[in-house]
Protein chains: 4
Amino acid sequence: MRANKTPTEQVRRAQIVAAAIEVIARDGVAQASFKVIAEQAGLSSTGLISYHFAGKQDLIDEVGREILARFTEFVLDRTDGVEEPTAVLRGFIAANVDFLRTHRNHASTLVRIKNDLATVDLARSDQAALAAVLRQGQNSGVLRAFDPHLMAVFVLSIRDGLIRQLDLDPELDLDAATREFTTLVDLATRRT
Amino acid sequence: MRANKTPTEQVRRAQIVAAAIEVIARDGVAQASFKVIAEQAGLSSTGLISYHFAGKQDLIDEVGREILARFTEFVLDRTDGVEEPTAVLRGFIAANVDFLRTHRNHASTLVRIKNDLATVDLARSDQAALAAVLRQGQNSGVLRAFDPHLMAVFVLSIRDGLIRQLDLDPELDLDAATREFTTLVDLATRRT
Amino acid sequence: MRANKTPTEQVRRAQIVAAAIEVIARDGVAQASFKVIAEQAGLSSTGLISYHFAGKQDLIDEVGREILARFTEFVLDRTDGVEEPTAVLRGFIAANVDFLRTHRNHASTLVRIKNDLATVDLARSDQAALAAVLRQGQNSGVLRAFDPHLMAVFVLSIRDGLIRQLDLDPELDLDAATREFTTLVDLATRRT
Amino acid sequence: MRANKTPTEQVRRAQIVAAAIEVIARDGVAQASFKVIAEQAGLSSTGLISYHFAGKQDLIDEVGREILARFTEFVLDRTDGVEEPTAVLRGFIAANVDFLRTHRNHASTLVRIKNDLATVDLARSDQAALAAVLRQGQNSGVLRAFDPHLMAVFVLSIRDGLIRQLDLDPELDLDAATREFTTLVDLATRRT
DNA sequence: CATGAATGAGGATTCATTCAT
DNA sequence: CATGAATGAATCCTCATTCAT
């Protein structure tokens with residue numbers, strides 16, 4: 001509709017997105033009706049959601065965009081300045097697991113809506129970024145030869161699987177998981 | 001209600017389950033209404049689904065049970081008789097990828113409903129079986145020390161991630177993916 | 001359909017009617033679906049009910065007929081041979097309350113389906129019989145002048161109200177209720 | 001949800017309740033589907049009923065509450081200011097019968113839904129109020145000794161029976177019925 | 001912008017009934 | 001006669017969306 005969003009609009013959208021993340025993490029996508037999201041957000045009407053979003057798909061997409069933005073920002077913060085490729089890789093994994101720890105709802109919601117995202121490109125950008133890191137490691141000679149994109153898919157699949165496993169088993173030892181995860185990627189990628 | 005199902009009942013349930021698998025693989029869980037499933041199955045009314053299943057959850061669970069049964073059977077067929085642990089592992093991965101190839105709808109539906117299954121135990125039995133294989137490899141000395149259950153979670157996460165990736169990118173080279181997947185697991189698990 | 005019922009047919013109908021009485025007394029008319037009644041009767045199919053009854057209304061009517069027949073028979077047994085009008089009246093009330101005691105399900109079901117009976121005449125025959133007794137009492141001079149039919153309606157209303165009250169309050173003292181009921185009718189009808 | 005209802009909400013609820021009363025009085029509880037009630041109320045869809053009521057039971061309960069409120073108000077208007085217990089009693093009966101006359105649908109609906117009311121307490125409050133009047137009459141010495149609560153049950157049962165009889169026989173002479181009813185209660189309760 | 005009432009399509013499920021075996 | 005599978009209309013209810021205020 002409108003190209004530019006007013007500040008109020010942005011605040012409202014953010015508020016609704018935050019509520020949606022909570023609800024989806026707690027109850028699942030199927031139960032995340034506008035009614036429940038509005039209640040979670042403390043809104044008095046579901047109409048307000050429809051007013052600020054073009055439709056349910058738009059809201060879901062915004063939720064995905066928001067989570068991926070925070071996720072990316074979080075990971076970049078943790079790996080910024082690191083040069084050595086294997087260190088970047090280890091930092092990447094550690095940052096990913098740390099994000100689950102500190103933003104469990106975001107993480108849980110992300111894997112739950114991945115199938116429903118209209119803009120698949122968002123998810124792909126993740127893969128592309130990691131693939132670039134891997135390729136760089138190969139070029140610098142510390143990583144062995146493999147398909148960087150496929151390896152990125154594998155690594156991110158493990159991360160997502162970890163999030164799902166954490167939903168099933170909240171008692172999971174994340175420190176141990178991080179170590180095993182790091183070791184696995186190290187062994188699987190480094191030049192022997 | 002009844003402990004034993006009549007043959008007619010079994011056939012109808014199987015027919016409905018098959019239709020549900022098609023629909024979920026094609027349109028997603030959210031779009032898999034009784035109406036669409038009934039049409040896919042060529043049934044005269046949605047009432048027939050309710051007649052044969054206690055509810056939607058019951059149908060979803062049966063779908064999960066059916067897919068996992070076929071999946072397990074398929075993988076066991078391919079790995080039966082193999083003794084050497086690393087060979088079992090390679091066979092396991094190859095069989096898993098082959099299943100995606102030959103039963104893409106089953107695979108796609110499985111990852112889509114995993115979150116919705118009431119009986120999570122089904123999914124867990126997968127993990128337990130693979131963990132047992134890994135533990136055996138450790139005991140026989142060919143695999144290095146790691147947490148077998150966590151490693152099973154990782155391996156199966158990659159498999160599931162591959163299924164999702166295949167939904168996003170149907171042109172994915174599965175042969176190459178199998179090779180990379182096998183190499184990754186080999187490097188990550190074998191004793192150096 | 002058929003004019004004459006075979007013995008088997010009669011037995012089946014009676015069995016279904018008995019089950020319906022149990023279900024309606026326990027769960028109410030609204031919950032008395034063919035499915036529940038069939039389960040209560042130990043039948044394997046609701047089709048059997050449809051086979052033996054022209055429709056749900058037919059079943060309800062048969063239930064009403066059956067209960068009223070037993071009720072009438074029960075009351076007549078207890079008042080047979082009594083001549084003196086006030087004694088008949090007292091016996092009538094005592095018999096009615098005794099019926100509640102010994103056939104609570106029948107009684108409860110009767111008041112629950114009264115609104116739904118197609119053949120209202122059944123309920124009316126009750127009123128007519130009691131009105132006749134009252135008229136006889138007036139003719140013999142022991143009862144005062146009043147509209148016999150209205151008085152019959154009143155007395156039977158109290159009886160039905162007692163059944164409903166018993167459903168609400170199972171601890172109700174029926175002996176005390178019988179005494180109060182008898183006294184009320186005595187005072188209200190006898191010639192001063 | 002909300003503690004206070006908006007005026008619009010109150011109006012709509014009242015409109016739906018009024019329609020439900022009409023439908024139940026005309027067709028019975030079993031036929032009173034949301035569809036029929038919505039048509040009676042001139043609503044565009046049954047969804048509007050669900051929007052304003054938590055469920056069918058909520059609507060039924062509101063119907064009961066509404067009728068009893070009007071009934072109580074009506075009777076209190078007619079007996080207010082009367083002191084002498086027997087006069088109160090006569091006034092109570094007259095007011096009850098007058099209510100049937102002027103609010104036949106309300107009365108008819110009330111007896112039809114009495115079994116279905118979730119909040120039985122509503123019906124009981126009626127009994128308690130009448131029992132209090134009777135007890136007062138006993139204390140002042142004009143009424144004989146009897147169980148006030150049981151007598152209240154009896155009197156209200158007659159009233160309800162009268163409503164049912166009026167449904168069966170619309171030609172019933174209500175004036176005569178009032179006289180007989182009043183006489184009965186007078187004879188049954190006064191000290192001799 | 002926000003509200004909440006209204007809309008109507010679509011959801012799963014229950015129902016009495018029919019019918020082939 | 002009995003069975004149980006099938007039918008399809010009808011049930012209540014939820015949903016995202018619209019709109020007047």
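Proteins get letters first, then strands, A, B, ... in listed order; numbering begins at 1 in each.
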With a 4.5 Å limit on heavy-atom distance, are the side chains of Val36(A) and Gln31(A) in contact?
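Result no, sub-4.5 Å side-chain heavy-atom pair not found.
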
Is the shortest heavy-atom distance from the side chain of Asn115(A) to the side chain of Asp167(B) under 4.5 Å?
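No, every pair of side-chain atoms sits at 4.5 Å or beyond.
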
Using the criterion of both pairing distances under 3.5 Å for Watson-Crick and G-U wobble pairs, give all stems of 3 or more consecutive pairs involving DNA chain E.
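Counting only runs of 3 or more consecutive pairs, the stems involving DNA chain E are E:2-21 with F:2-21.
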
Using the test salt bridge (charged side-chain N to carboxylate O under 4.0 Å, His left out), find all partners of Arg70(C) that sit at least two apart in sequence or belong to another chain.
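Partners of Arg70(C) by the salt bridge (charged side-chain N to carboxylate O under 4.0 Å, His left out) criterion, ordered by chain and then number, come out as Glu66(C).
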
Round to a whole Å and report the spacing from [atom1] of [X] to [atom2] of [N].
X        : N       : atom1 : atom2 : answer
Leu43(D) : dT7(E)  : CG    : P     : 8 Å
Ile49(D) : dA6(E)  : CD1   : P     : 12 Å
Arg13(B) : dG4(F)  : CZ    : C1'   : 15 Å
Glu9(D)  : dA6(E)  : CD    : P     : 9 Å
Phe53(A) : dC1(E)  : CZ    : P     : 14 Å
Ile16(C) : dT3(F)  : CD1   : P     : 10 Å
Leu59(A) : dC15(F) : CG    : C1'   : 14 Å
Asp58(A) : dT17(F) : CG    : C1'   : 14 Å

For His52(B) and dG4(F), is the shortest distance between a side-chain N/O and OP1 or OP2 below 4.0 Å?
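No, His52(B) has no side-chain N/O under 4.0 Å of OP1/OP2 on dG4(F).
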
Using side chain to side chain donor-acceptor pair (under 3.5 Å) as the criterion, list what pairs up with [X], not counting sequence neighbours.
X         : answer
Arg104(B) : none
Arg164(A) : none
Asp27(C)  : none
Asp116(A) : none

What pairs of nitrogen or oxygen atoms, one from the protein and one from nucleotides 8-12 of chain E, lie under 3.5 Å apart?
unit_1: dG8(E); atom_1: N7; unit_2: Ser45(D); atom_2: OG; d: 2.9
unit_1: dG11(E); atom_1: OP1; unit_2: Ser33(B); atom_2: OG; d: 3.4
unit_1: dA12(E); atom_1: OP1; unit_2: Phe34(B); atom_2: N; d: 3.2
unit_1: dA12(E); atom_1: OP1; unit_2: Lys56(B); atom_2: NZ; d: 2.8
unit_1: dA12(E); atom_1: OP2; unit_2: Phe34(B); atom_2: N; d: 3.0

Please identify each residue that fulfils side chain to side chain contact (heavy atoms under 4.5 Å, CB included) with Ile113(A), with sequence neighbours left out.
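Once residues adjacent in sequence are excluded, the partners of Ile113(A) under the side chain to side chain contact (heavy atoms under 4.5 Å, CB included) criterion are Ile24(A), Val29(A), Ile60(A), Val63(A), Thr109(A), Leu117(A).
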
Where each residue is assigned the nucleotide of DNA chain E containing its nearest heavy atom, which of Gln57(B) and Arg12(D) is assigned the position nearer the 5′ end?
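Nearest-nucleotide comparison on DNA chain E picks Arg12(D).
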
Considering residues at least two apart in sequence or located in another chain, which fulfil the ring pair (Phe, Tyr, Trp, His ring centres under 6.0 Å) criterion with Phe71(B)?
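Testing Phe71(B) for ring pair (Phe, Tyr, Trp, His ring centres under 6.0 Å), a comparison that skips the adjacent residues, returns Phe99(B).
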
Could you tell me whether the side chain of Tyr51(D) has a donor or acceptor atom within less than 3.5 Å of a complementary atom in the base of dA5(E)?
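Yes, the side chain and the base share a sub-3.5 Å donor-acceptor pair.
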
Judged by each residue's nearest nucleotide on DNA chain F, which is more toward the 5′ side, Thr8(C) or Ala30(A)?
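First, find each residue's nearest nucleotide; the 5'-ward one identifies Thr8(C).
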
